[in-house]
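In what follows, a single structure is set out as C-alpha cells and then discussed.
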Amino acid sequence: MSDEDSIDSPDAALDDGIDLAAHPLTASRLAKHQATLRGPGYPYRFERSHLAGELHDSYDRLEPGTETGESVTVAGRLRNIRAMGKLTFAVLSDVSGTVQLFVDKRVLGDAGFAAFADLDMGDWIGATGEVVVTRKGELSVRIGTFELLAKALRPLPDKFHGLTDVEARSRQRYVDLMVNQEARDVALARAKVVSLFRREFEARGYIEVETPVLLNQATGAMARPFATHHNALDLDMYLRIATELYLKRLIVGGLEKVFEVGKIFRNEGIDATHMPEFTMLESYEALADYDDIARMVEEMFATIATEVTGSAVLRYQGRSLDLTPPYPRAPMLGLVNDAIDGTMSFDLSLQDAVALAQSNGVEPEAHWGHGKIIEELFDRRVQASIWEPVYVTHHPVETSPLARRHRDDPNVTERWELFIAGSEYGNAFSELNEPLDQRRRFEQQTAAKAAGDDEAQEIDEDYVRALEYGMPPTGGLGIGVDRLVMLLTDKAHIREVVLFPTMRPE
RNA sequence: GGGCCUGUAGCUCAAUUGGUAGAUCAGCGGACUUUUAAUCCGAAGGUCGUUGGUUCGAUUCCCACCAGGCCCA
C-alpha cells in the first residue's frame with residue numbers, strides 16, 4: 001500500500017461510495033485521525049499485562065464494590081461506550097473476550113476524561129488502571145491512563161443486531177469477526193480441527209509434507225483443473241486437484257507415513273458444500289490397508305469432535321448425530337439394491353443394467369459401464385438418506401482407478417467413503433500398487449475420456465514409473481476439512497467455515 | 001444452466017393500490033457519578049443496486065444488467 005497517497009488524499013471516494021471526509025459518520029473520525037498524525041502519532045508497540053479473559057479468570061469471584069488495588073494494562077477495540085456525565089463505561093474487546101473499562105473523571109483528570117470522550121467505537125486503545133468491581137458487580141478496569149493505538153475511521157455495525165447480511169459478512173470477514181462471536185468461534189474451531197489432525201497423525205508416526213500446487217498435469221482425481229501459465233518456462237500449468245499421486249511417490253521413496261493438509265483447486269461450481277478452493281487432508285501409510293485406515297479415522301473423528309465440541313454426540317442441523325466408533329460398513333451395491341426397484345448386478349448385461357438405471361431415474365451416458373451406473377444410483381438414491389456415520393465400501397473398479405482391486409471380488413475395489421448426514425467426509429483405499437494394473441486402469445480412463453467422459457483421469461507416466469520401483473501395500477486417505485468443520489460447528493454452508501470464500505468482485 | 005426470492009440511511013428493518021420515504025442502533029448537539037442494547041431532550045442523515053422503458057409523475061410497473069440467497073440439474 002502506498003501510505004503517502006493514503007495520507008495525502010484520504011478524502012478520495014472509496015469503492016463502496018463512502019467519502020470519508022464528507023460523510024457525516026466518518027468526517028469527525030477522520031479529522032481526529034489527521035490531528036493525531038500531525039501531532040503525537042500512533043505507537044509502534046504496546047505492552048499489555050492481561051487479556052480480558054485472564055482478568056475474568058482471576059477476578060470474577062469478587063464482590064460488587066471491590067477495589068483490588070492491583071494495576072493492570074489491557075488493550076483492544078472499544079466496542080461500546082456509555083457516557084454518563086462525569087462517568088463513562090466502555091467495553092474493551094480483545095482476542096480473549098471483553099472487559100469493562102470504568103472511566104471516572106476524578107481518576108483520569110479533566111484532560112484525560114475529555115480525551116477519552118473523543119474516542120469512537122471501534123478505536124483500538126491501551127489502558128492501565130486498577131481492577132475493580134462496580135456496584136452492579138461488573139468486573140472493570142478503572143483506568144488512570146490510556147493511549148490511542150489505532151483509529152477506526154469507519155463506524156461499526158449496529159451494536160445489537162451486528163452484521164447479518166451473508167454477503168457483507170463474507171466479503172468483509174474482518175467486520176464479521178469483530179462483531180459476531182459466532183464467526184470467531186468457527187474460525188477457532190477450524191484452527192483446532194487442523195491442529196488436532198496434526199497432533200493425531202504425528203502421534204501415529206506420520207510426517208507432514210508439502211507437495212506441489214503448480215503442476216504440468218492435474219492428476220489424482222476426477223475434476224476440472226484451473227489452468228495458468230509459467231512465463232519464464234513458457235509452460236502451461238495447472239493447480240492441483242488432489243495431492244494423492246505425489247504423496248504416494250513419497251511412499252515409494254520410503255517415507256512410509258506421510259500426510260498433507262492443503263488447498264485443492266477444482267474449476268467447478270459453488271454451492272453449499274463446494275468451493276473452487278478447499279482444504280483437503282490426505283494421508284498414506286505403508287503396510288496398512290483400508291480397514292486400518294477406517295479404524296484410524298473413526299478414532300480421530302471421535303477424538304476431534306470431543307475436543308472441539310465437548311462430545312462425540314453432536315447436534316447437526318437440528319438432529320442428533322453420534323460419531324462414537326465403530327462405524328458400520330456397508331457395500332455400495334447392497335445399499336443401492338435396498339433403495340431401488342429391481343436388483344442391480346455386475347452379472348447383468350450392460351443393456352439390462354442401463355434399463356434398470358433408467359427405471360430408477362438415472363439416465364446413463366454412452367460411456368458408462370456397470371460401475372458408473374452403480375455409483376450414480378448410489379448418489380441419487382442412497383446418499384441423502386444416510387445420517388449416522390457409515391463406511392460405504394466395495395466401490396466399482398471403473399470409478400476407482402487408483403484403488404486396489406478387492407481381494408475377494410474383481411469387480412470392485414478395497415475402498416470406502418465415509419458418509420455422514422448425507423455428505424461424504426472421507427475417502428480411502430487399499431492403494432493400487434501394482435504398476436501393470438495401474439497402467440491398464442489409466443488406459444481405461446483415457447478410453448473413457450475419448451468416449452466423452454470429461455472427468456476421466458489422464459495417465460501420469462512418472463507416477464507409473466514410480467510404482468515400477470515398487471510401492472509397498474499402502475492405505476491412503478482423503479478428508480474434506482471444510483466439511484468436517486461444518487459438521488462440528490453446525491453449519492450448513494461451506495462459506496460459513498471459510499474465512500474468505502470465493503465470490504464475484506463487488 | 002433452470003425456477004423462485006432479495007437489494008431502501010453506516011448497521012438492522014419498515015412503508016408505497018405510481019404522487020421523490022420512516023424507525024431502532026450508530027453519528028451530531030445537550031442533560032446525567034454505577035452503566036450493561038444505559039436513559040432522557042433536540043436537530044440531522046437517503047442516487048430506494050445500475051441502466052433503459054411506460055407515465056404528467058417511477059423507490060413502486062416493465063425490459064436488460066450487476067451482486068447475493070434458496071431450491072433443482
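In what follows, chains are A, B, ... by sequence order, proteins preceding strands, each numbered from 1. Fair warning: this is a prediction, and the values are worked out from it, not measured in the lab. Worth knowing before you read on, the calculation uses all heavy atoms, side chains too, and leaves out hydrogens, waters and symmetry mates.
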So which protein nitrogen or oxygen atoms get under 3.5 Å of nucleotides 26-29 of chain B's nitrogens or oxygens?
| residue | atom | partner | partner atom | Å |
| --- | --- | --- | --- | --- |
| B/A26 | OP1 | A/Lys159 | NZ | 2.5 |
| B/G27 | O2' | A/Pro24 | O | 3.4 |

Note to self: Does B/G45 have its OP1 or OP2 closer than 4.0 Å to a side-chain nitrogen or oxygen of A/His23?
What the structure shows: no
Next item on the list: Write down the distance between CD (A/Glu167) and C1' (B/C66), rounded to a whole number of angstrom.
Entry: 10 Å
Next item on the list: Please measure how far the C1' atom in B/U50 lies from the corresponding atom in B/G7, and state the result in whole Å.
Entry: 11 Å
Next item on the list: For A/Arg82, report the nucleic acid contact type (base, sugar-phosphate, nothing); a contact means any heavy atom under 4.0 Å.
Entry: base
Next item on the list: Give the rounded distance in Å between these two atoms: CD of A/Gln172 and P of B/G68.
Entry: 14 Å
Check: Does any non-hydrogen side-chain atom of A/Lys86 lie less than 4.5 Å from one of A/Asp104?
Finding: no
Notebook entry, point to check: What does A/Arg142 touch in the nucleic acid at a heavy-atom separation under 4.0 angstrom: a base, only the sugar-phosphate, or nothing?
Noted result: nothing
Checklist line | Span that lies between the C1' atom of B/A31 and that of B/U20, in whole angstrom | finding: 37 Å
Check: Using atom C1' of each nucleotide, how far apart are B/U59 and B/G19 to the nearest Å?
Finding: 12 Å
Next item on the list: Provide the distance between the two C1' atoms, one in B/G53 and one in B/C63, to the nearest whole Å.
Entry: 7 Å
Note to self: Expressed as a whole number of angstroms, how long is the span from A/Ile494:CD1 to B/G69:C1'?
What the structure shows: 17 Å
Note to self: Please report the distance separating the P of B/A43 from the corresponding atom of B/C48, rounded so that it comes out in whole Å.
What the structure shows: 26 Å
Notebook entry, point to check: What is the base-pairing partner of B/C40, counting Watson-Crick and G-U wobble geometry with both distances under 3.5 Å?
Noted result: B/G30
Notebook entry, point to check: Once the angle between the rings of A/Tyr425 and A/Phe301 is folded into 0 to 90°, is it parallel (under 30°), tilted (30 to 60°) or perpendicular (over 60°)?
Noted result: perpendicular
Next item on the list: Calculate the interatomic distance between A/Arg169 atom CZ and B/G7 atom P; express it in whole Å.
Entry: 18 Å
Check: Does a donor on one side chain and an acceptor on the other come within less than 3.5 Å for A/Arg184 and A/Gln181?
Finding: yes
Next item on the list: Check every strand shown and say whether A/Arg495 touches a base, only sugar-phosphate, or nothing at a heavy-atom separation below 4.0 Å.
Entry: sugar-phosphate
Item checked: Value in whole Å for how far the C1' atom of B/U12 lies from CG of A/Leu163 -> 10 Å
Checklist line | Any side-chain heavy-atom pair of A/His56 and A/Val99 under 4.5 Å | finding: yes
Checklist line | B/C62 and B/A58, which share atom name P, separated by this distance in whole Å | finding: 16 Å
Note to self: Rounding to an integer number of angstrom, what distance separates B/C4 and B/G45 when you compare their P atoms?
What the structure shows: 40 Å
Check: With sequence neighbours left out, which residue pairs that include part of residues 374-386 of chain A fulfil the salt bridge (charged side-chain N to carboxylate O under 4.0 Å, His left out) condition?
Finding: A/Lys372-A/Glu376
Notebook entry, point to check: Starting at NE2 of A/His161 and ending at C1' of B/A37, how long is that distance when rounded to a whole Å?
Noted result: 9 Å
Note to self: We want to know whether A/Arg495 and A/Ser170 form a side-chain donor-acceptor pair, criterion being a heavy-atom distance below 3.5 angstrom.
What the structure shows: no
Next item on the list: For B/C32 versus B/A21, give the span between their C1' atoms, rounded off to a whole number of Å.
Entry: 35 Å
Check: So A/Thr279 and A/Arg190, side chain to side chain contact (heavy atoms under 4.5 Å, CB included) or not? Walk me through it.
Finding: CA-CA 11 Å; A/Thr279 301; A/Arg190 184 178 182 116; 3.0 Å; yes
Next item on the list: Calculate the interatomic distance between A/Ile270 atom CD1 and B/A73 atom P; express it in whole Å.
Entry: 19 Å
Item checked: Watson-Crick/G-U partner (both atom distances under 3.5 Å) of B/C61 -> B/G53
Checklist line | 5' precedence on RNA chain B between A/Ala168 and A/Thr134 (nearest-nucleotide basis) | finding: A/Ala168
Notebook entry, point to check: What does A/Thr164 touch in the nucleic acid at a heavy-atom separation under 4.0 angstrom: a base, only the sugar-phosphate, or nothing?
Noted result: sugar-phosphate
Margin query: Ring centres under 6.0 Å, that's the criterion: do A/Tyr238 and A/Phe226 meet it?
Written below: no
Check: For RNA chain B, what residues of residues 83-90 of chain A have any heavy atom nearer than 4.0 Å?
Finding: A/Ala83, A/Met84, A/Gly85, A/Lys86, A/Leu87, A/Phe89
Margin query: Parallel, tilted or perpendicular: which one describes the rings of A/Trp387 and A/Tyr316, with boundaries at 30° and 60°?
Written below: tilted
Next item on the list: Using both distances under 3.5 Å as the test, list the Watson-Crick or G-U wobble partner of B/C70, or none.
Entry: B/G3
Next item on the list: Give one of base, sugar-phosphate or nothing for A/Gly162, where a contact means two heavy atoms less than 4.0 Å apart.
Entry: sugar-phosphate
Margin query: I need the CD-P distance between A/Glu376 and B/A73, as an integer number of Å.
Written below: 11 Å
Check: Is there a side-chain contact between A/Glu147 and A/Thr128, using heavy atoms and a 4.5 Å cut-off?
Finding: no
Check: Can you tell if the side chain of A/Met121 reaches within under 4.5 Å of the side chain of A/Leu78, non-hydrogen atoms only?
Finding: no
